[in-house]
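To keep things clear, I will list the structure first and then write my remarks on it.
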Amino acid sequence: MRNRELKVQPGGITRQFSEEETSTLVDNWLKAFGKDRRGVNSKDFLWRIFSAGRYPSIGGIKALEKYQQQQAFEYIVLSNDRKIAFVTNLLPETCSLFDYYVFPPNLAWTMAFTHEDGWLGPYFAFHSQFEELNQVNHARLRKAQEAEAARLKGWW
């Protein structure tokens, strides 16, 4: 995959994570969403945690609808092979990765885009502490919007 150009739309890639950082992201994602993955072959596809019902999730069109309602200051995109991760500034609608996961840095929620789209997936899941984490996301987004408005007025 490293030979293919990474693409995400809308927005763009603002930062790519190192292999070590990506490994830490995977560990954090699994702590949040994959605690109960016994008996699930999540080695090939992390999203099997959702398809096997090991973590509560919403699937299909309803997952996409819930995903499109989410707002954060930035979004992390993680490849299913756990080798590539990057940050983007807008909620991704498409990505050049085969199977991938999108989530805010604090893991308030996650969206799993699968190659089985329409049959298995996509899947959307809330973190067990979603309300608290999402308030933090909204506060950070508001602060960034206020800073941008001040910058546009020449106050910065």
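Being a predicted model, the structure only gives us computed values, none of them experimental.
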T114 side chain vs L120 backbone, donor-acceptor pair below 3.5 Å: yes

Under 4.5 Å between side-chain heavy atoms, hopping through other hydrophobics if needed: is there a path connecting [X] to [Y]?
| X | Y | result |
| --- | --- | --- |
| I58 | L133 | no |
| L90 | L6 | no |
| V102 | F126 | yes |
| I84 | M111 | yes |
| W119 | F50 | yes |

Of the non-hydrogen atoms in [X] and [Y], which two are nearest, and what is the gap between them?
| X | Y | result |
| --- | --- | --- |
| F124 | K66 | CE2-CG, 3.3 Å |
| Y123 | G59 | CD2-CA, 4.1 Å |
| G12 | N89 | N-OD1, 3.3 Å |
| Q71 | L141 | CB-CD2, 3.7 Å |
| V77 | C95 | CG1-SG, 4.1 Å |
| Q129 | H127 | N-ND1, 2.8 Å |

Atom [atom1] of [X] and atom [atom2] of [Y]: how far apart are they, to the nearest 0.5 Å?
| X | Y | atom1 | atom2 | result |
| --- | --- | --- | --- | --- |
| T24 | E19 | OG1 | CD | 12.0 Å |
| L46 | S79 | CG | OG | 9.5 Å |
| L97 | K83 | CG | NZ | 13.0 Å |
| E132 | N137 | CD | CG | 11.0 Å |
| S128 | K35 | OG | NZ | 5.5 Å |
| S57 | I49 | OG | CD1 | 10.5 Å |

Is any side-chain heavy atom of [X] closer than 4.5 Å to a side-chain heavy atom of [Y]?
| X | Y | answer |
| --- | --- | --- |
| Y101 | F113 | no |
| T14 | T88 | no |
| N134 | Q70 | yes |
| P104 | I76 | no |
| V87 | Q16 | no |
| V8 | I13 | yes |

Using 30° and 60° as the class boundaries, would you call the ring planes of F98 and F45 parallel, tilted or perpendicular? tilted

Mind checking what makes side chain to side chain donor-acceptor pair (under 3.5 Å) contact with [X], not counting sequence neighbours?
| X | result |
| --- | --- |
| D99 | W47, H115 |
| W109 | none |
| T22 | none |

Check: Less than 6.0 Å separating the ring centroids of Y75 and F73?
Finding: no

Could you pull out all residues at least two apart from [X] that satisfy salt bridge (Lys or Arg N to Asp or Glu O under 4.0 Å)?
| X | result |
| --- | --- |
| E116 | none |
| E21 | R15 |
| D36 | R38, R54 |

So, are E148 and R151 salt-bridged, with charged N and O less than 4.0 Å apart? yes

Intermediate values then yes/no, side-chain contact (heavy atoms from CB on, under 4.5 Å), R82 and L25:
CA-CA 9 Å; R82 308 170 197 189; L25 284 171; over 6 Å; no

Would you say CD of Q69 has more than 12 non-hydrogen atoms from neighbouring residues, nucleotides or ligands within 6.0 angstrom?
yes

Exercise for review: For L152, look at atom CG and say whether over 12 heavy atoms of other residues, nucleotides or ligands are found less than 6.0 Å away.
Suggested key: yes

Test side-chain contact (heavy atoms from CB on, under 4.5 Å) on E74 and R140; report intermediate values, then the result. CA-CA 10 Å; E74 59 187 4; R140 185 165 184 210; 3.8 Å; yes

